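Since the model is a prediction, treat every value here as computed from it, not as a measurement. If you read the sequence from its start, that first residue is 1, and numbering goes on from there.
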Amino acid sequence: FFQAEDGIRDKLVTGVQTCALPICDVTKEESITALFEAAVKEFGHVDIVVNNAGLNFPGNFQELSIKRWDLLWTLNVRGTVVASKLALDSMLPRGTGTIVNISSVGADHAGKNSSAYAVTKQAVRKLAQAVAADYGDQGIRSFSLSPTAVVSTPGHRYVRGANAIPPERAEAEHVMGRAVVWMASADDAVNFNGGHFYSIPLVAEKMREDTTWDGLRKLQETGKATAW
């Protein structure tokens, strides 16, 4: 969920129903609840939830205060737990739904000055596995997904500063969205329920789509660039 920015509707395929939902503070359960209530009121139910909100603080293990550890855990993990529970409230009665937790390659290799972030991003992978194990036989798909390369986000630019990857060298912005489309709609995706994927090989191998910036332009031209 996001607050609709100026022009956001122009980025969506004509004919797709959209609405501007309330700004959500993912650290507060009541704020997440209000967001889901607004979505259900507008659309009737929830089909797909992407737990994408995330935060990182640079600093080595000893430098990072417990206060910052707590904030990272509350936003990156607890917020994902709350949103997943609310999603299941809508999905389970209908016997269908997809939850995708956004992870990171940082969960594979806890690099220097990234211990807290790595721990939280590994946690959301395990949460996806647990949800699939508990509810896969009730029609629920649950996955975790990591960008294969750097995505040029405000968080990345904050952490890397002058060393941030320029947007034109980052992962094309449509790739993560196209991966979610496969997870939510492909018949064979259910065979990998609970799994963790990397965006570029998934889109290239399963959807056989161009994962470059030229590929994004082609999707825009054909009207398929809905989820990005």
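Nearest heavy atoms, Ser103 versus Arg125: OG-NE, 2.8 Å. Trp73 and Ala123 make their closest contact through CH2-CB, 3.9 Å (heavy atoms, listed as atom of the first residue, atom of the second, distance). The two residues Pro22 and Ala38 have their closest heavy-atom pair at CD-CB, 3.8 Å. In terms of heavy atoms, Met207 sits closest to Arg178 at SD-O, 3.1 Å. Nearest approach of Thr148 to Pro201, heavy atoms of both residues: OG1-CD, 3.3 Å. Summarising the geometry of Asn101 relative to Ser84, their closest heavy-atom pair is OD1-OG, 4.2 Å, with the distance given to 0.1 Å.
In this structure, Val181 is not a member of the same hydrophobic cluster as Phe43, with clusters built from ILVMFWY side-chain heavy atoms closer than 4.5 Å. By the criterion of side-chain heavy atoms lying less than 4.5 angstrom apart, applied directly or through intervening Ile, Leu, Val, Met, Phe, Trp or Tyr residues, Val190 is not grouped with Val50; the two fall into different hydrophobic clusters. Hydrophobic clustering (ILVMFWY, side-chain heavy atoms < 4.5 Å, transitive): Tyr117 and Val124 are in distinct clusters.
Side-chain contact between Glu171 and Ile200 is present, with heavy atoms from C-beta onward closer than 4.5 Å. Side-chain atoms of Phe57 and Leu71, non-hydrogen and from C-beta on, do get closer than 4.5 Å to each other. Two residues are said to be in side-chain contact when any heavy atoms from C-beta on lie closer than 4.5 Å; Trp69 and Leu64 meet this criterion. The closest side-chain heavy-atom distance from Ser146 to Ile102 is not below 4.5 Å. Here the side chains of Leu145 and Met183 are in contact, with some heavy-atom distance below 4.5 Å. The shortest distance between side-chain heavy atoms of Val49 and Thr98 does not fall below 4.5 Å. Using a 4.5 Å heavy-atom threshold, the side chains of Ser199 and Val151 count as separate. Residues Val100 and Arg141 form no side-chain contact, since every pair of their non-hydrogen atoms from C-beta on lies 4.5 Å or further apart.
Atom CZ of Phe61 has 12 or fewer neighbouring heavy atoms from other residues, nucleotides or ligands inside a 6.0 Å radius. Annotation for Glu30: atom CD counts as buried by contact number, over 12 foreign heavy atoms lying within 6.0 Å. Annotation: Glu29, atom CD; neighbour count of heavy atoms from other residues, nucleotides and ligands within 6.0 Å does not exceed 12.
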Yes or no on side chain to side chain contact (heavy atoms under 4.5 Å, CB included) for Ser142 and Asp134, after CA distance, side-chain angles and deciding distance? CA-CA 10 Å; Ser142 176; Asp134 284 345; over 6 Å; no
Derivation and outcome, side chain to side chain contact (heavy atoms under 4.5 Å, CB included), residues Leu92 and Tyr135: CA-CA 8 Å; Leu92 285 172; Tyr135 304 109; 3.8 Å; yes
Quick one, Lys206 with Asp188, criterion side chain to side chain contact (heavy atoms under 4.5 Å, CB included). Give me CA distance, side-chain angles, the key distance, then yes/no. CA-CA 9 Å; Lys206 295 294 185 181; Asp188 62 331; 4.0 Å; yes
Val46 and Phe36: CA distance, side-chain angles, deciding distance, side chain to side chain contact (heavy atoms under 4.5 Å, CB included) verdict: CA-CA 8 Å; Val46 175; Phe36 272 83; 4.0 Å; yes
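With values rounded to the nearest 0.5 angstrom, Leu127 atom CG is found 13.0 Å from Arg78 atom CZ. Going from atom CZ of Arg68 over to atom CD of Glu63 covers 10.5 Å, rounded to the nearest 0.5 Å. The CG atom of Leu72 sits 6.0 Å away from the OG1 atom of Thr120 when rounded to the nearest 0.5 Å. The line from CG of Asn191 to CG of Asn193 is 9.5 Å long, rounded to the nearest 0.5 Å. A distance of 8.5 Å separates CD1 in Ile32 from CG in Asn51, rounded to the nearest 0.5 Å. Distance check, rounded to the nearest 0.5 Å: CD of Gln122 to CG of Asn76 gives 13.0 Å.
Under the 4.0 Å criterion applied to side-chain N and carboxylate O atoms, Lys28 and Asp25 are assigned as salt-bridge partners. Electrostatic pairing of Lys121 and Asp108 does not count as a salt bridge here, judged by no charged N lying under 4.0 Å from a carboxylate O.
Looking at Asn113, its side chain does come within 3.5 Å of a backbone N or O of Asn60 through a donor-acceptor pair.
With no hydrogens or angles considered, no side-chain donor-acceptor pair links Ser114 and Asn56 at under 3.5 Å.
Ring-plane geometry between Phe197 and Phe192 is classed as perpendicular, the angle between the planes exceeding 60 degrees on a 0 to 90 degree scale with a lower cut at 30.
Members clustered with Tyr198: Val105, by chain and number, using a 4.5 Å side-chain heavy-atom cutoff among hydrophobic residues.
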